[in-house]
A.B. asks: 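This is the structure, below, for whatever I ask next.
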Amino acid sequence: MTRRNSVFYWMTIPAVLLFFLFHTFPALQGVYYSFTNWNGYGHSYDFIGLKNYFYLFQDGNVWNSYWFTFKFSIVTMILINVISLLIALGLNARIKSRNFFRAVYFLPNILSVLIVGYIFNYLFSNVFPIWGANLGSETLAGNILGSGKLAWIGVTLVAVWQGIAFNTILYLSGLQTIPTDIYEASNLDGASRWQEFWRITFPMIAPFFTINMVLAMKNSLMVFDLIVALTNGGPGRATQSISHLIYTGGFQGGEFAYQSANSVIYFIVIALISIVQIRFLQRRETELS
């Protein structure tokens, strides 16, 4: 047994080394550079301590990107989970062509985020304005992505459209784990549809709800591809997410060390939000069970 375990340990060494080389080591380098003034391409830099972190909290562009990202993430997380749960409940019912509809609703998850973004960029720019003009709507007649106040709504709609696919599958798999005997017993007791959902269905799929909430929030906080394809952070900086700011400032604006400090703060924020979400939702699972 000891010899067999040693073989397994030796098999994991290449994977651990590759993970450290291409993930952990660059991350540690980024943390180190966050204490310097390196521009990302020169050979000389100075150690400046916590100045980058100090300037971050005084940077209006950073605060704007955090505000947009949190606003976008919260709205997207709520809409994705509400809509995907409703769709999963419908697809779990005994309806005709159920497998066909399941495939249709899962299709957005197969498509690349960039492809989806460029398609909707064309729709918002060329198709929807024509429909809006024919309907006599001034709001729809304009390109929503060109409005500083409404562009984030367009980004949110596209993110929700693609995000519900994966969450629907998770909710559907959770619904299929519930024994049908429980529903038969509730029908004999005269329980309503709402009572069945609140007293039986939701408590039974509470772990899936926790997973979906955490994943939806994390993916929304890390939004990047969709921003690049739809608005590239515009108009102005109205839809510039934190990831987009880190990329454009760090790799295109000569602020590598400064944005490295931003990415360290960003990592801490995402980790804290995920931990708080998991602890709160798991506590709710215990209360519902």
Side-chain angles (χ1 to χ4, degrees), residues 19 23-24 27 57 63 65-93 102 105-106 109 152 155-157 159-187 189-224 226 241-243 262-289:
F19 183 84
H23 182 274
T24 308
F57 291 97
W63 283 108
S65 65
Y66 272 83
W67 164 244
F68 164 76
T69 305
F70 284 131
K71 176 176 62 176
F72 165 81
S73 301
I74 294 172
V75 175
T76 302
M77 176 191 65
I78 294 173
L79 291 178
I80 284 178
N81 281 278
V82 171
I83 297 174
S84 60
L85 180 55
L86 293 175
I87 294 175
L89 291 171
L91 295 177
N92 194 52
R102 289 178 179 178
Y105 280 110
F106 187 69
N109 190 65
W152 76 275
V155 178
T156 301
L157 291 176
V160 171
W161 180 82
Q162 187 172 40
I164 60 177
F166 182 72
N167 286 42
T168 298
I169 295 300
L170 290 181
Y171 279 128
L172 190 58
S173 61
L175 291 171
Q176 292 177 347
T177 62
I178 303 176
T180 57
D181 298 342
I182 300 178
Y183 291 112
E184 293 175 358
S186 66
N187 289 331
D189 293 337
S192 63
R193 292 290 185 182
W194 172 252
Q195 289 174 330
E196 283 186 353
F197 172 79
W198 191 248
R199 299 295 182 181
I200 299 175
T201 304
F202 191 71
M204 296 289 286
I205 64 170
F208 295 88
F209 179 76
T210 300
I211 294 172
N212 278 341
M213 290 288 286
V214 174
L215 289 179
M217 188 66 178
K218 181 187 73 69
N219 293 335
S220 299
L221 287 172
M222 297 174 63
V223 62
F224 175 77
L226 196 62
S241 65
I242 307 172
S243 298
N262 193 10
S263 64
V264 172
I265 299 295
Y266 187 34
F267 168 77
I268 295 173
V269 169
I270 293 178
L272 290 176
I273 291 176
S274 300
I275 292 172
V276 171
Q277 268 191 302
I278 291 174
R279 290 190 175 182
F280 175 77
L281 293 173
Q282 284 181 341
R283 188 180 306 168
R284 292 290 298 169
E285 289 178 27
T286 305
E287 294 175 358
L288 291 172
S289 61

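In this chain, numbering begins with 1 at the start of the sequence shown.
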A.B. asks: Is there a side-chain contact between S73 and T76 in this structure, where contact means two heavy atoms from C-beta onward sitting under 4.5 Å apart?
C.D. replies: no

A.B. asks: With rounding to the nearest 0.5 Å, note down the distance linking CG in L175 to CD1 in I178.
C.D. replies: 5.0 Å

A.B. asks: Name each donor-acceptor pair under 3.5 Å that joins a side chain in residues 209-219 to protein atoms two or more places apart or in another chain, with its distance.
C.D. replies:
from : atom 1 : to   : atom 2 : distance (Å)
T210 : OG1    : A206 : O      : 3.2
T210 : OG1    : E285 : OE2    : 2.4
N212 : ND2    : N167 : O      : 3.4
N219 : ND2    : L215 : O      : 3.1

A.B. asks: Mind running side-chain contact (heavy atoms from CB on, under 4.5 Å) on K71 and T156 for me, showing each step along the way?
C.D. replies: CA-CA 10 Å; K71 176 176 62 176; T156 301; over 6 Å; no

A.B. asks: Could you pull out every donor-acceptor pair under 3.5 Å between side chains of residues 77-87 and any protein atom, sequence neighbours left out?
C.D. replies:
from : atom 1 : to   : atom 2 : distance (Å)
N81  : OD1    : Y171 : OH     : 2.8
N81  : ND2    : M77  : O      : 2.8
S84  : OG     : I80  : O      : 2.5
S84  : OG     : N81  : O      : 3.3

A.B. asks: Determine the minimum heavy-atom distance between L226 and V223, stating which atoms define it.
C.D. replies: CB-CG2, 4.0 Å

A.B. asks: Looking at every heavy atom in both A191 and E196, which two are closest together, and how far apart are they?
C.D. replies: CB-CG, 4.2 Å

A.B. asks: Could you pull out the closest heavy-atom pair between I200 and S186, with the gap in Å?
C.D. replies: CD1-CB, 3.7 Å

A.B. asks: What distance do Q176 atom CD and L91 atom CG have between them, rounded to the nearest 0.5 Å?
C.D. replies: 10.0 Å

A.B. asks: Heavy atoms only: give me the nearest W198-P203 pair and the separation to one decimal.
C.D. replies: O-CD, 3.3 Å

A.B. asks: Hey, does the side chain of W152 reach the backbone of F72 with a donor-acceptor pair shorter than 3.5 angstrom?
C.D. replies: no

A.B. asks: Got more than 12 heavy atoms from elsewhere within 6.0 Å of CZ, F280?
C.D. replies: no

A.B. asks: By salt bridge (charged side-chain N to carboxylate O under 4.0 Å, His left out), which residues pair with R279, not counting sequence neighbours?
C.D. replies: none

A.B. asks: When you look at CZ of F106, are more than 12 heavy atoms from neighbouring residues, nucleotides or ligands closer to it than 6.0 Å?
C.D. replies: yes

A.B. asks: Looking at L221 and T69, what are the two nearest heavy atoms and their distance?
C.D. replies: O-CG2, 3.6 Å

A.B. asks: Nearest 0.5 angstrom please: N92 CG to I205 CD1, how far?
C.D. replies: 9.5 Å

A.B. asks: Can you check whether S192's main-chain N or O pairs, donor with acceptor, with Q195's side chain at less than 3.5 Å?
C.D. replies: yes

A.B. asks: Relative to the ring of F202, is the ring of F197 parallel (under 30°), tilted (30 to 60°) or perpendicular (over 60°)?
C.D. replies: tilted

A.B. asks: Report yes if the side chains of M222 and Y266 come closer than 4.5 Å at any heavy-atom pair, otherwise no.
C.D. replies: yes

A.B. asks: Within the 4.5 Å heavy-atom criterion, are F70 and Y66 side-chain neighbours or not?
C.D. replies: yes

A.B. asks: Given side-chain contact (heavy atoms from CB on, under 4.5 Å), test I169 with S173 step by step and report yes or no.
C.D. replies: CA-CA 6 Å; I169 295 300; S173 61; 5.6 Å; no

A.B. asks: To the nearest 0.5 Å, what is the distance between OG (S243) and CD1 (I270)?
C.D. replies: 6.5 Å

